[in-house]
Asker: 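Quick one: structure below, then a few questions.
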Amino acid sequence: MPSQIELLEAALKAAIGRAIANGQLAGSTPESITLSRPKNREHGDYATSVALQLAKAAGKEPREVAAIIVDQLKDIDSIMGLDVAGPGFINITLKRSSQAELVSTIINAGAKFADTNTLAGVRINLEFISANPTGPLHLGHTRWAAVGDSLGRVLTAAGADVTREFYINDRGNQMDLFGASVEAGALGTAVPEDGYKGEYIIDLAKEVVENNPAITSLPEQDRQIAFREAAYTLQLADQQRVLEDFGTHFDIWFSERSLHDQGAVEHGVEKLRTQGHVFEDKGATWLRTTDFGDDKDRVLAKSDGSFTYFSSDTAYYINKRERGFDICIYMLGADHHGYVGRLKATAACAGDDPNFNVEILIGQLVKIMEGGQEVKLSKRAGTIITLEELVEKTGVDAARYTLIRYPVDTPMVMDIDLLKRSTNENPVYYVQYAHARIAAVLRNATELKISLEIQDFDPSQLIHDRENELLGKLAQFPRVVESAAQMRQPHRIARYLEELAGTYHGFYADCRVLPMGDENPTSLHTARLLLCSSTKIVIARALDLLGVSAPERM
RNA sequence: GCGCCUGUAGCUCAGUCGGAUAGAGCACCUGCCUUCUAAGCAGGUUGUCGCAGGUUCGAUUCCUGCCAGGCGCGCCA
C-alpha cells in the first residue's frame with residue numbers, strides 16, 4: 001500500500017499534468033516533487049515549493065502557478081485544506097481520519113513497513129574493517145564495525161542482496177613482524193625493530209606456548225613461522241568473537257593469502273593485460289591507472305618478480321566482480337583515502353564503470369579524549385583502546401548508537417570520561433526509553449483487557465494535534481530508510497529515531513492512552529493504543545536497522 | 001606543492017533536490033508525578049552558519065578564491 005506521501009506526490013504530479021494538458025501551465029511535470037513537513041504547524045501537514053520551481057518555465061508568477069495547481073487539487077477526498085503562502089508555497093492540510101489509516105498500514109506490515117524494493121536485484125559486496133590479524137580491533141575499526149553493519153541492514157531493507165565481507169590482510173611483512181614479536185615475547189628476547197608491542201603480544205605468546213609447548217624447541221626458521229601461524233589463528237578468532245559480541249556479523253572472511261594460493265593474482269594481472277592497461281618498465285609490471293585519472297601508474301609485480309600489495313587489491317576486486325557482485329562498496333579510514341583514485345582506476349582498467357561498480361566511503365578518524373587530553377593511538381606502541389574495552393565501558397547499544405549517529409565523513413570526538421561517567425547523556429537511552437514506555441502501556445492494556453484488534457480501530461478518533469504530529473512522523477519512516485540506503489548514510493535512521501521518540505514523548509504527555517480509574521474503555525482508547533503499537537513497531541525496526549536492542553523494560 | 005575531509009549556539013553535533021523565523025542534545029534558569037515508566041513533558045536563554053566574492057525570486061546548502069584544523073601522496077604493507 002502506498003504511503004500518504006507517495007499518494008500526495010502522485011496527486012501533485014497528476015494535478016500539474018492536467019494543468020499543462022489544458023494549457024494553464026507551460027513546461028513539463030517534474031520527475032520528483034519536494035514534499036516536506038513544515039516546522040510551523042500553521043503551514044499545514046505538508047508543504048511543497050514546486051510552484052516556485054515551475055514558475056520560470058511557466059512564465060508566470062510563482063503564486064499564480066501555485067493557484068493553478070491548487071485548483072487542480074480541490075477535489076481530492078483526503079485533502080481538507082489548501083493554501084498558497086509566502087512566495088508561492090502550497091500548504092496542504094489533510095483530513096485527520098485519512099492520516100490515521102496509517103496505523104492499520106503499519107500494523108499490517110509489521111517490521112516490513114518501511115522496506116522497499118528500490119535496490120531489488122542489486123548484488124552488493126560490502127567490505128569493511130578488513131584489519132590485519134596482528135592485534136585486537138581498536139576504536140578506528142569500531143566506527144566501521146557499527147556503521148558498516150548498519151549500512152548492510154539498511155541496504156537489505158531497500159531490497160539489495162548484500163554480502164558483508166572482511167578482507168584479512170594475512171600476508172606480507174607485517175605478518176612476519178607479528179610472528180617475530182610474539183616469538184620474542186615467548187622467548188624473552190628483544191622485540192624486533194618496528195615490531196609489535198603491548199600486553200596482548202605477551203598474552204598471545206603465553207597462549208601459543210601453552211597450546212604447543214614444543215614450539216620453543218623448533219629450529220629457528222620453523223619456529224618463527226610456527227609462532228606466526230599460531231598467533232594468527234588466535235588473533236583472528238579473537239577478532240571474530242569480539243565482532244559477533246558486538247552484533248556485527250560477516251558473511252565472508254576473505255583471506256589475502258587465499259587469493260595468491262588460488263592463482264587469483266596472476267589471473268587478475270592477465271585480465272588487466274587483456275584489457276590493454278598493463279606494461280613492463282625497469283623489470284617491473286605496471287598497471288597504467290593514469291589512463292583513468294590516477295596520480296601515477298602502479299606497480300603490480302616488482303622487478304624481483306614478487307607481487308605488490310596493490311596486485312592483491314586488484315585481484316581481489318576482480319574476484320569480487322567474478323563472484324557476481326554488481327556494486328563493491330569499500331569502507332575505508334581517512335588514512336587510506338589515497339586509495340580512492342587507484343581503486344576507481346583499477347575498476348576502469350578492468351573494463352568496469354568506476355562510477356557504478358565501485359563505491360568508496362571514507363570515514364574520518366575517531367579521536368579519543370581521556371582526562372581532557374587526546375589519546376594517541378598506535379598499535380605497535382601498544383597504546384590502543386580496543387573495541388572490547390569500549391564496549392565494557394559503555395555497553396554494546398550505547399557504543400553502536402554513538403558511533404552510528406554521526407555521518408562518517410565528519411571527524412568525531414569520543415570523550416571516554418563522559419561515556420564512563422554518565423551513560424544517560426546518550427540519546428540511545430532516550431530512544432529506548434520511548435520503546436520501553438510503549439511496551440509498559442501495552443502490557444497494562446492487555447491486563448485491562450482492552451481491545452487491540454485492528455478491526456476495532458476507528459481512525460476518526462485520532463484528531464488531537466499530538467496524534468496528528470505522531471502520525472506525520474511515522475509516515476516519514478519509509479522515506480528515511482530509502483534515503484539512508486541511497487545515500488549510504490545510516491546515521492539518518494538514528495536522527496529520525498530521536499525525532500520520533502521525542503514526538504512520542506510529547507504525545508504521551510498530552511494524550512492519556514489508558515482509561516482512568518473505573519472509566520470504561522472506549523474506541524478512543526483502542527485507537528490510541530494501536531497508535532502506540534504502530535509507533536513501537538517503527539521504533540523497534542529503526543533500532544534493529546542500527547543493530548541496537550529495543551528493550552521491553554528499562 | 002598536489003589531493004581528500006572538516007569549519008553552524010558555551011560544548012558535542014544535525015540540517016534531505018537550494019526554500020518560509022537556521023535546529024537537537026548537553027549545560028544554565030522556571031514550572032509539571034496522591035492515575036500509563038519523570039531515563040519524561042512544557043517554557044526561557046544562546047548564532048558574523050570560518051572570511052570574501054559569484055550564480056538567482058531565494059544560499060548554511062551550488063561555484064571560485066582565501067584562512068584554520070585533520071589526513072594522505074613508496075617497486076611499504
Side-chain angles (χ1 to χ4, degrees), chain A residues 30-34 36 38-40 43 47-49 52-53 55-56 61-62 85-89 91 132 134 169 171-177 256 281-286 295-296 298-304 306-310 312 333-341 362-365 367 405-415 418 422-427 429-434 436-445 448 479-480 483-484 486-487 489 491-492 494-495 498-499 501-502 504-510 512-517 519 528-529 532 553-554:
Chain A
E31 277 179 36
S32 68
I33 289 176
T34 311
S36 59
K39 283 165 255 174
N40 189 335
H43 294 156
T48 177
S49 60
L52 291 153
Q53 287 152 18
K56 191 169 239 178
E61 290 298 313
F89 292 98
N91 294 333
N132 295 320
T134 55
N169 293 129
R171 195 173 165 278
N173 292 349
Q174 292 303 321
M175 286 301 287
D176 293 336
L177 212 47
E256 182 187 354
D281 186 39
K282 294 174 200 154
T285 305
W286 298 68
D295 303 336
K296 56 193 79 170
R298 307 288 170 180
V299 174
L300 289 164
K302 302 181 222 171
S303 49
D304 66 2
S306 62
F307 288 110
T308 59
Y309 187 82
F310 174 67
S312 299
D335 52 343
H336 287 84
H337 78 252
Y339 284 39
V340 174
I362 298 298
Q364 295 299 313
L365 305 178
K367 244 190 229 176
R405 79 185 281 269
Y406 304 104
V408 291
D409 51 12
T410 66
M412 64 174 289
V413 179
M414 282 188 105
D415 187 331
L418 189 124
S422 56
T423 50
N424 63 353
E425 284 176 28
N426 195 314
Y429 294 99
Y430 180 79
V431 174
Q432 289 183 320
Y433 181 67
R437 206 177 209 190
I438 297 172
V441 172
L442 294 176
R443 277 195 300 273
N444 295 341
L448 293 170
R479 282 209 160 182
V480 171
S483 70
Q486 267 171 3
M487 302 175 83
Q489 294 184 337
H491 80 274
R492 288 168 182 278
R495 297 294 169 163
E498 288 162 33
E499 289 174 23
Y504 179 78
H505 287 312
F507 156 79
Y508 180 88
D510 286 357
R512 173 77 196 189
V513 177
L514 296 172
M516 304 268 270
E519 196 186 351
R528 284 184 172 168
L529 278 164
C532 288
R553 296 171 199 273
M554 283 174 77

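Numbered from 1 within each chain, the chains take letters A, B, ... in sequence-line order. Everything numeric in this text was worked out from a predicted model, so none of it was measured.
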Asker: To the nearest angstrom, how far is A:Gln53 atom CD from B:rU16 atom C1'?
Answerer: 13 Å
Asker: Determine, step by step, whether A:Leu442 and A:Leu529 satisfy the side chain to side chain contact (heavy atoms under 4.5 Å, CB included) criterion, reporting the C-alpha distance in whole Å, the side-chain angles of both residues, the deciding distance to 0.1 Å, and the verdict.
Answerer: CA-CA 7 Å; A:Leu442 294 176; A:Leu529 278 164; 4.0 Å; yes
Asker: If we call it a pair only when both distances are under 3.5 Å in a Watson-Crick or G-U wobble match, what pairs with B:rG72?
Answerer: B:rC2
Asker: Using Watson-Crick or G-U wobble geometry with both distances below 3.5 Å, tell me the partner of B:rC41, or none.
Answerer: B:rG31
Asker: Specify the closest pair of heavy atoms between A:Thr308 and A:Lys302, including all atoms of both residues, with the distance to one decimal.
Answerer: CG2-CG, 3.8 Å
Asker: Hey, which of these two, A:Asp510 or A:Leu52, hits RNA chain B nearer its 5' end, going by closest nucleotide?
Answerer: A:Leu52
Asker: Is there a donor and acceptor pair, one atom on the side chain of A:Asp176 and one on the base of B:rA77, closer than 3.5 Å?
Answerer: no
Asker: Looking at the angle O4'-C1'-N9-C4 for a purine or O4'-C1'-N1-C2 for a pyrimidine, is B:rC5 syn or anti, with syn meaning within 90° of 0?
Answerer: anti
Asker: Does the side chain of A:Glu256 pick up a donor-acceptor pair with the side chain of A:Ser312 at under 3.5 Å?
Answerer: yes
Asker: Grab the OH-P distance between A:Tyr339 and B:rG3 for me, whole Å please.
Answerer: 21 Å
Asker: Let me spell it out: for each of A:Met175 and A:Asp335, pick the nucleotide of RNA chain B with the closest heavy atom. Which residue's pick is nearer the 5' end?
Answerer: A:Asp335
Asker: Just call it for A:Pro62: base, sugar-phosphate, or nothing, with non-hydrogen atoms closer than 4.0 Å on any strand.
Answerer: nothing
Asker: Tell me whether the side-chain N/O atoms of A:Lys296 come closer than 4.0 Å to OP1 or OP2 in B:rG72.
Answerer: no
Asker: In whole angstrom, what separates A:Met554's CE from B:rA38's P?
Answerer: 12 Å
Asker: Determine, using ring centers only, whether A:Phe507 and A:Tyr504 are less than 6.0 Å apart.
Answerer: yes
Asker: Could you please name the partner base of B:rC36, counting Watson-Crick and G-U wobble pairs only when both distances are under 3.5 Å?
Answerer: none
Asker: Would one find a side-chain N or O of A:Asn444 under 4.0 angstrom from OP1 or OP2 of B:rU37?
Answerer: yes
Asker: Reckon A:Ala334 touches a base, only the sugar-phosphate, or nothing at all at heavy-atom distances under 4.0 Å?
Answerer: sugar-phosphate
